[in-house]
2 protein chains.
Amino acid sequence: MISRMSSLFLRTLRDDPADAEVPSHKLLVRAGYVRRVAPGIYSWLPLGKMVLDNVARVVKEEMDRFGAQEVHFPALLPREFYEATGRWTEYGENLFRLKDRRGNDYLLGPTHEEMFTLLVKGEYSSYKDLPVNLYQIQTKYRDEARPRAGILRGREFVMKDSYSFDLDDEGLKRSYELHREAYIRIFTRLGMDYRIVSAMSGAMGGSASEEFLAPAPTGEDTFVQCGNCDYAANTEAFEGRPGTEIDASAEPAAQVYETPDTPTIESLVTLFRGFEGFEQTTAANTLKNVVVKLRHPGKKDPEILVVGVPGDREVDLKRLEAAVSPAEIELFEAEDFAKHPALVRGYIGPQALAEAGYTYQVDPLVVPGSSWITGANEPGRHAAHVVYGRDFTPSGTIGAAEVRAGDPCPRCGSPVSIDRGIEIGHIFQLGRKYADAFGLDVLGPDGKPVRVTMGSYGIGVSRAVAAVAEQRHDALGLVWPREIAPADVHLVATGKDDAVYEAAARIAADLDAAGLRVLFDDRRSASPGVKFKDAELIGVPTIVVVGKGLADGVIEVKDRATGERRDVPLAELVATLAG
Amino acid sequence: MISRMSSLFLRTLRDDPADAEVPSHKLLVRAGYVRRVAPGIYSWLPLGKMVLDNVARVVKEEMDRFGAQEVHFPALLPREFYEATGRWTEYGENLFRLKDRRGNDYLLGPTHEEMFTLLVKGEYSSYKDLPVNLYQIQTKYRDEARPRAGILRGREFVMKDSYSFDLDDEGLKRSYELHREAYIRIFTRLGMDYRIVSAMSGAMGGSASEEFLAPAPTGEDTFVQCGNCDYAANTEAFEGRPGTEIDASAEPAAQVYETPDTPTIESLVTLFRGFEGFEQTTAANTLKNVVVKLRHPGKKDPEILVVGVPGDREVDLKRLEAAVSPAEIELFEAEDFAKHPALVRGYIGPQALAEAGYTYQVDPLVVPGSSWITGANEPGRHAAHVVYGRDFTPSGTIGAAEVRAGDPCPRCGSPVSIDRGIEIGHIFQLGRKYADAFGLDVLGPDGKPVRVTMGSYGIGVSRAVAAVAEQRHDALGLVWPREIAPADVHLVATGKDDAVYEAAARIAADLDAAGLRVLFDDRRSASPGVKFKDAELIGVPTIVVVGKGLADGVIEVKDRATGERRDVPLAELVATLAG
């Protein structure tokens, strides 16, 4: 295929678009791949469409390779199916809702668990039919509160979503593993740097889940990585490493201090530093106790949970929520405190919580034998020398504190690093949530119904285009891997000499005949400088320049990624590039 | 590619779905190609997705062949662009409208003229940039009042829409011709029987327009076709043939008759048959005059138009509207009659209309010199012997009467036939309507702005799947042309003998290696009868049966379309089928 710049629907821009914050957004707009239509909604221009199609092709090939079968669901879906699972409401403002001319409620599908579950229920009835893996590559809709970063997080986007259907947990694990291997092949072919990290299930419910993250400073996700072993996890899913028990036998008895007007850790530390023996007190010596309400699915009343973390750390509500999933967290408000006088706001200590009937859990950073300054459960009073195991005993540990670089790896204890990444894939052992909602059973070998267990797996196809751009660009422009580049070769003819353009046209035809996709800059009006700049910006992996060297029978070949140039004899050009 | 029926996500149905009226709907559901999600909204199962993708591929190849460039717009579009052209309102209830979380208005794109116009305006600025042809293959949305016939007319559907941008009418004609030729190649490759018929522009405004119709008894469009010359037109666009003038010199003078209580043609004819000399009166001897309001774009007050047609024909409002386009027609209601006492409801005659200041036009079936029984413009009175050219003179002719088989061809006068067809494509010289709305100019060679002229071209991609099914099926099932069939060969292994299944598996692998797509019925549990029935229903063009003949080294090859069977030696099978 030959695309000629003289007629290609493409205008590159010299300046970054005003609304662009991240490199992929700036470059995809400047290089003429996408154009903005509305917040989070983009059009794909010819070069962009080629890259998007290439990504989709790679995804399809690898899904087909392991026997997944492609289907295609509508994006416009009736409310009833999402009402059945509660997601019509749960999705909140993220769901685009609309009515048809008869006043019936519809939504624009954000993800299709319901539809796939119902499809399989409609077609299959026997254990012999399973396992089956179904997927689609489809346009999806989410009304993001802050659509940002161009197509990294859009409101209309292309996604591959797939679902596995199995008889039992062993089957689900196999389907999950097939997806995992396919994802590894896909992201490798897409030329991405990626990490597979443990993930929590979030609102989805379920047991085993991993994310594929593309490390990038612009990523919205943070992940923890061990420098020693291969442990990696989304920060939300970081388990924490239980610390070694401390010998507290020498610790003085707990003692209560008058601490008026110290509702914050900072004011508490300042006050304590004035007490004898507490001059070196830091926030890390204090135990912060935070109250939340756990909303368990299907239960009317929330559970009250008090969580203890070292006072120098914030509670990471996302991490906490991941830890209590499928329960959801609600804040404990002033009116809640009013109903629970035993929980003294700003002065909560763990000493009497169990007796008062509250569940108390601590972050793994709070280890047995540790001694703390903490609330005395009375207004204006704190206690010191409050020892874990002597003065209080939590009912368990829960990953709740903000994670920091240097925290110990839960697997090997080495310090972990924290990095940002873009979520490009997610694989998830969903379990029976949707099968339960719709009664998806098949008849087992014994004639009795077996409830099907499902996996759910996603790849952001349009997001992958942007994620590759985030990872593969330089100051001059984009640097596509060949598999998804809009062309294999960017052929530039320079100067005014007809013979150059004729020779270049012959080269283009030869490359095309050899099966290479050629982006041919045949523009007579543009200067060599403009053409070279465009070539760097557009980012095709190999740039071939036909110009002055032609008289000597040589063509300049430049590698876009390394910048390396070499002269290749004209006669060897096609063989060199096709090889 | 080999798809194995033992694991293919496919269940064929023995019975027609209850809601299916047309063959394509029945068969696409029964053969497991599509499933209904909501009225006019369908899911595509694996076999259906293959056919849909094949159609899209053919369309893409032929669009690319003439240099059209593929882009991809969002389906979710902000109101402002459609407000600018008035279509936010004009589309009425056919438009799916919704609000985002901030309360901003959006729509689901029914067609993308606005977006393409704005895109070209944003990127291009010089006459040197033109012409350009852009297209997309995309999911579109229309909230049809009566979604019917499965995917023949859906509310979510896949369409190829393209737009040409030219400097002048000559350029537009060339772009139009390029599309026309591409469409001919596309529908030929899709194996369709089709007609290219003249079409009116409808609500779009413009000058030259043709439709590609697939003749089928289930089609929603009717078209006129000459049995002698190559004239063909959508019935709405039928021009009519001006008849030969009649010599009315012997006709008696017009005479008024008392005709109380004869507001209908039927009652009028019955009454006149009692009058002397009128015993043979039929409805065809009466002149029916119908009043409508023409709503011209941009004009506040409607124009009043009286149209005369022979009394044995209804006024075809769609045809009339096509004739007056871009004006739209509104009915003349009782309150309108009240304001216009000169127009006596039920007793309107053409004799005094011009004097009263009303525009009067007649269908071409009303020829100069013809004599009529018609209203006398007084309640309870009609006139006879009212002669065109003597007693009234219309201001012009207008195609308004219902068209009937046998009406004269406007080109050669031979009788026309009328048939039903499915609109599968539409090409349209749109002109400057959208360029005007958005100020799409480029600088001409003289530095002065030139207003761009556009063409708009559509192919119903998902509809084409159903239209092919309408045309290509028999009592047993679907009969796909090879280009879009889900496989080239349906390979059926029969019986219980392992050797048969092993031989069939080898044949499948050999056919696959030869580049053929194989649907391999390797099911051990299904009977030969079930397998043969499924093969006929699914409609792959060649059915290969591996069974008893294997012992003698022969394989049965059946042509799905003709039913012709022959035995082919095993050794020659691949060469025979691949050839």
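Since the model is a prediction, treat every value here as computed from it, not as a measurement. To find a chain, count down the sequence lines: A is the first, B the second, and so on, and within it residues start at 1.
Between chain B and the residues A:Met50, A:Arg11, A:Lys49, A:Arg101, the largest count of heavy-atom pairs under 4.5 Å involves A:Arg101. Between chain A and the residues B:Asn104, B:Leu13, B:Leu8, the largest count of heavy-atom pairs under 4.5 Å involves B:Leu8. Annotation: maximal heavy-atom pairing with chain A below 4.5 Å, among B:Ser525, B:Ala38, B:Pro46, occurs at B:Pro46. Among B:Leu98, B:Asp143, B:Asp64, the residue with the largest count of heavy-atom pairs under 4.5 Å with chain A is B:Asp143. Counting heavy-atom pairs under 4.5 Å between each of A:Leu77, A:Thr139, A:Leu119 and chain B puts A:Leu119 at the top.
When each of A:Arg97, A:Arg142, A:Arg155 is tested with B:Asp100 by the rule salt bridge (charged side-chain N to carboxylate O under 4.0 Å, His left out), just one qualifies, namely A:Arg155.
Taking both residues in full, the closest heavy atoms of B:Tyr124 and A:Ser7 are given as OH-O, 4.1 Å, listed atom of the first, atom of the second, then distance. When every heavy atom of B:Gln69 is checked against every heavy atom of A:Phe9, the shortest pair comes out as OE1-N, 2.7 Å.
Residue contact with chain A, scored on non-hydrogen atoms closer than 4.5 Å, is absent for B:Glu80. Residue B:Asp53 touches chain A through its side chain alone, counting heavy-atom pairs closer than 4.5 Å. For B:Tyr106, the part lying under 4.5 angstrom from a heavy atom of chain A is the side chain only. The part of A:Tyr42 that comes within reach of chain B is its backbone (N, CA, C, O), which places non-hydrogen atoms under 4.5 angstrom from that chain. Looking at B:Pro78, the atoms closer than 4.5 Å to chain A (heavy atoms on both sides) all sit in the side chain, from C-beta outward. Looking at B:Val120, the atoms closer than 4.5 Å to chain A (heavy atoms on both sides) sit in the backbone and in the side chain alike. In this structure, no portion of A:Leu52 lies under 4.5 Å from any heavy atom of chain B. For a residue to count as touching a neighbouring chain, one of its non-hydrogen atoms must lie under 4.5 Å from one of that chain's; by this rule B:Leu47 does not touch chain A. Heavy-atom distances place no part of A:Met1 under 4.5 Å from chain B, backbone and side chain included.
With contacts defined as side-chain heavy-atom distances shorter than 4.5 Å, the pair B:Ser43/A:Val71 does not qualify. Residues B:Leu118 and A:Val37 form no side-chain contact, since every pair of their non-hydrogen atoms from C-beta on lies 4.5 Å or further apart.
For B:Arg14, the CZ atom is loosely surrounded, since the number of other residues' heavy atoms within 6.0 Å does not exceed 12. In B:Arg102, the CZ atom is not crowded: 12 or fewer heavy atoms of neighbouring residues, nucleotides or ligands sit closer than 6.0 Å.
For the atom pair NE2 of B:His72 and OG of A:Ser462, the computed distance is 9.5 Å after rounding to the nearest 0.5 Å. Atom OH in B:Tyr141 sits 6.0 Å away from atom CG in A:Leu76 (nearest 0.5 Å).
Judged by distance alone, with hydrogens and angles left aside, the side-chain atoms of B:Glu156 form a donor-acceptor pair with the main-chain N or O of A:Ala75 at under 3.5 Å. Judged by distance alone, the side chain of A:Glu123 and the main-chain N or O of B:Leu10 form no donor-acceptor pair under 3.5 Å.
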